J.: 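I'd like to ask you about the structure that follows.
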Amino acid sequence: GESVGLHLPTLSVQEGDNSIINCAYSNSASDYFIWYKQESGKGPQFIIDIRSNMDKRQGQRVTVLLNKTVKHLSLQIAATQPGDSAVYFCAEISPFNQAGTALIFGKGTTLSVSS
Amino acid sequence: DTEVTQTPKHLVMGMTNKKSLKCEQHMGHRAMYWYKQKAKKPPELMFVYSYEKLSINESVPSRFSPECPNSSLLNLHLHALQPEDSALYLCASSRLGQNQPQHFGDGTRLSIL
């Protein structure tokens with residue numbers, strides 16, 4: 001079936017560097033995407049979302065880019081800090097009916113930040 | 001702190017036990033979800049409730065029985081589980097309608113002996 005996936009399972013960066021985490025999706029009908037951060041022992045935490053009518057969205061130190069032509073999503077983290085170390089998942093919303101939606105998660109990228 | 005609260009945080013049970021996982025949210029969300037997450041894997045959807053009614057059952061075995069007593073609470077009743085059911089069980093909630101982010105609790109770490 002169609003799914004959302006990530007390019008790299010792990011990413012190691014130095015504190016202060018910018019991080020880029022990538023995700024490829026296969027369902028061209030998808031129109032909403034979310035990035036989640038999951039720290040050890042915690043549940044996924046919402047970071048930022050983007051709708052398909054946008055190419056870019058910025059938050060605090062994070063930017064999500066969406067390229068619908070190649071079905072690619074990326075999360076950029078500026079000035080990466082040790083507290084950013086976690087597993088990052090992209091997720092695609094699959095609307096199943098008017099009553100709600102189902103999340104399809106990518107495989108995840110583990111970000112390790114060294115100081 | 002998460003706005004979705006799950007209890008207990010950890011649970012160890014035998015294969016013949018009956019236990020329940022609980023989830024509570026007070027954000028006024030009318031959609032609630034159960035996910036299962038194995039180590040180093042993404043969460044996988046189990047059940048979806050909307051307006052306190054079961055909307056989706058992702059072919060989950062009957063030894064998992066969800067219940068939504070009211071709009072703020074979601075339970076997952078467990079009976080006769082298998083060792084492979086050991087995992088992190090996550091609850092989430094969202095507003096209804098398309099393009100609504102889901103907000104997760106920190107999960108219950110379940111171990112089946």
Side-chain angles (χ1 to χ4, degrees), chain A residues 1 3-6 8-10 21 23 25 27 29-54 57 59 62 64 66 86-112, chain B residues 1-7 9-10 21 23 25 27 29-59 68 71 74 87-109:
Chain A
S3 64
V4 180
L6 288 168
L8 292 174
T10 60
I21 300 173
C23 173
Y25 66 95
N27 187 351
S30 299
D31 60 0
Y32 181 55
F33 303 89
I34 304 174
W35 280 101
Y36 285 94
K37 171 187 181 183
Q38 188 173 22
E39 296 176 272
S40 180
K42 301 283 190 180
Q45 177 188 359
F46 174 90
I47 302 174
I48 193 167
D49 59 1
I50 188 167
R51 288 170 170 72
S52 60
N53 61 351
M54 303 172 71
R57 190 157 190 235
V62 295
V64 55
L66 176 62
V87 180
Y88 289 81
F89 292 102
C90 64
E92 168 188 8
I93 289 284
S94 174
F96 59 82
N97 57 39
Q98 293 299 318
T101 56
L103 276 175
I104 301 173
F105 282 86
K107 293 193 176 82
T109 291
T110 299
L111 176 65
S112 298
Chain B
D1 289 337
T2 179
E3 295 180 87
V4 177
T5 304
Q6 291 188 244
T7 55
K9 292 190 184 303
H10 303 276
L21 309 185
C23 175
Q25 58 88 14
M27 294 180 281
H29 292 167
R30 301 305 296 272
M32 296 186 76
Y33 311 79
W34 280 115
Y35 288 83
K36 174 183 179 180
Q37 185 177 28
K38 300 286 276 186
K40 300 189 185 302
K41 297 290 187 181
E44 295 178 342
L45 183 67
M46 299 174 71
F47 301 104
V48 181
Y49 272 82
S50 56
Y51 289 113
E52 296 86 68
K53 292 188 180 355
L54 185 63
S55 304
I56 287 280
N57 176 339
E58 289 288 297
S59 302
C68 192
S71 59
L74 186 66
L88 180 68
Y89 289 84
L90 293 161
C91 174
S93 70
S94 75
R95 295 180 178 176
L96 289 167
Q98 290 188 338
N99 301 341
Q100 298 294 337
Q102 294 179 21
H103 299 269
F104 287 81
D106 286 334
T108 293
R109 176 73 60 187

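Note that the coordinates shown come from a computational prediction; the quantities given were computed from them, not determined experimentally. Numbered from 1 within each chain, the chains take letters A, B, ... in sequence-line order.
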J.: Restricting to non-hydrogen atoms, name the atom on B/Leu45 and the atom on A/Ala102 that form the minimum distance, rounded to 0.1 Å.
T.: CD2-CB, 3.7 Å

J.: Any non-hydrogen side-chain atom of A/Gln38 less than 4.5 Å from a side-chain atom of B/Phe104?
T.: no

J.: Nearest 0.5 angstrom please: B/Gln100 CD to A/Ile93 CD1, how far?
T.: 8.5 Å

J.: Rounded to the nearest 0.5 Å, what separation is found between the CD1 atom of A/Ile50 and the CG atom of B/Asn99?
T.: 12.0 Å

J.: Which pair of non-hydrogen atoms, one from A/Phe105 and one from B/Pro42, has the smallest distance, and what is that distance?
T.: CB-CB, 3.6 Å

J.: Work out which heavy atom in B/Leu90 is nearest to a heavy atom in A/Pro44; give both atom names and the distance.
T.: CD1-CD, 3.8 Å

J.: State, with a plain yes or no, whether a side-chain heavy atom of A/Leu103 is found less than 4.5 Å away from one of B/Tyr35.
T.: yes

J.: Taking atom CD of B/Glu44 as the centre, does the number of heavy atoms from other residues, nucleotides or ligands within less than 6.0 Å exceed 12?
T.: no

J.: Could you tell me how the ring of B/His103 sits relative to the ring of A/Phe46: parallel (under 30°), tilted (30 to 60°) or perpendicular (over 60°)?
T.: tilted

J.: Select one option (side chain, backbone, both, neither) describing which atoms of B/Gln37 are under 4.5 Å from chain A's heavy atoms.
T.: side chain

J.: A/Val62: which residues meet the side chain to side chain contact (heavy atoms under 4.5 Å, CB included) condition with it, sequence neighbours left out?
T.: A/Ile47, A/Ile48, A/Leu75, A/Ile77

J.: Please check if the number of heavy atoms outside B/Lys38 that lie under 6.0 Å from its NZ is greater than 12.
T.: yes

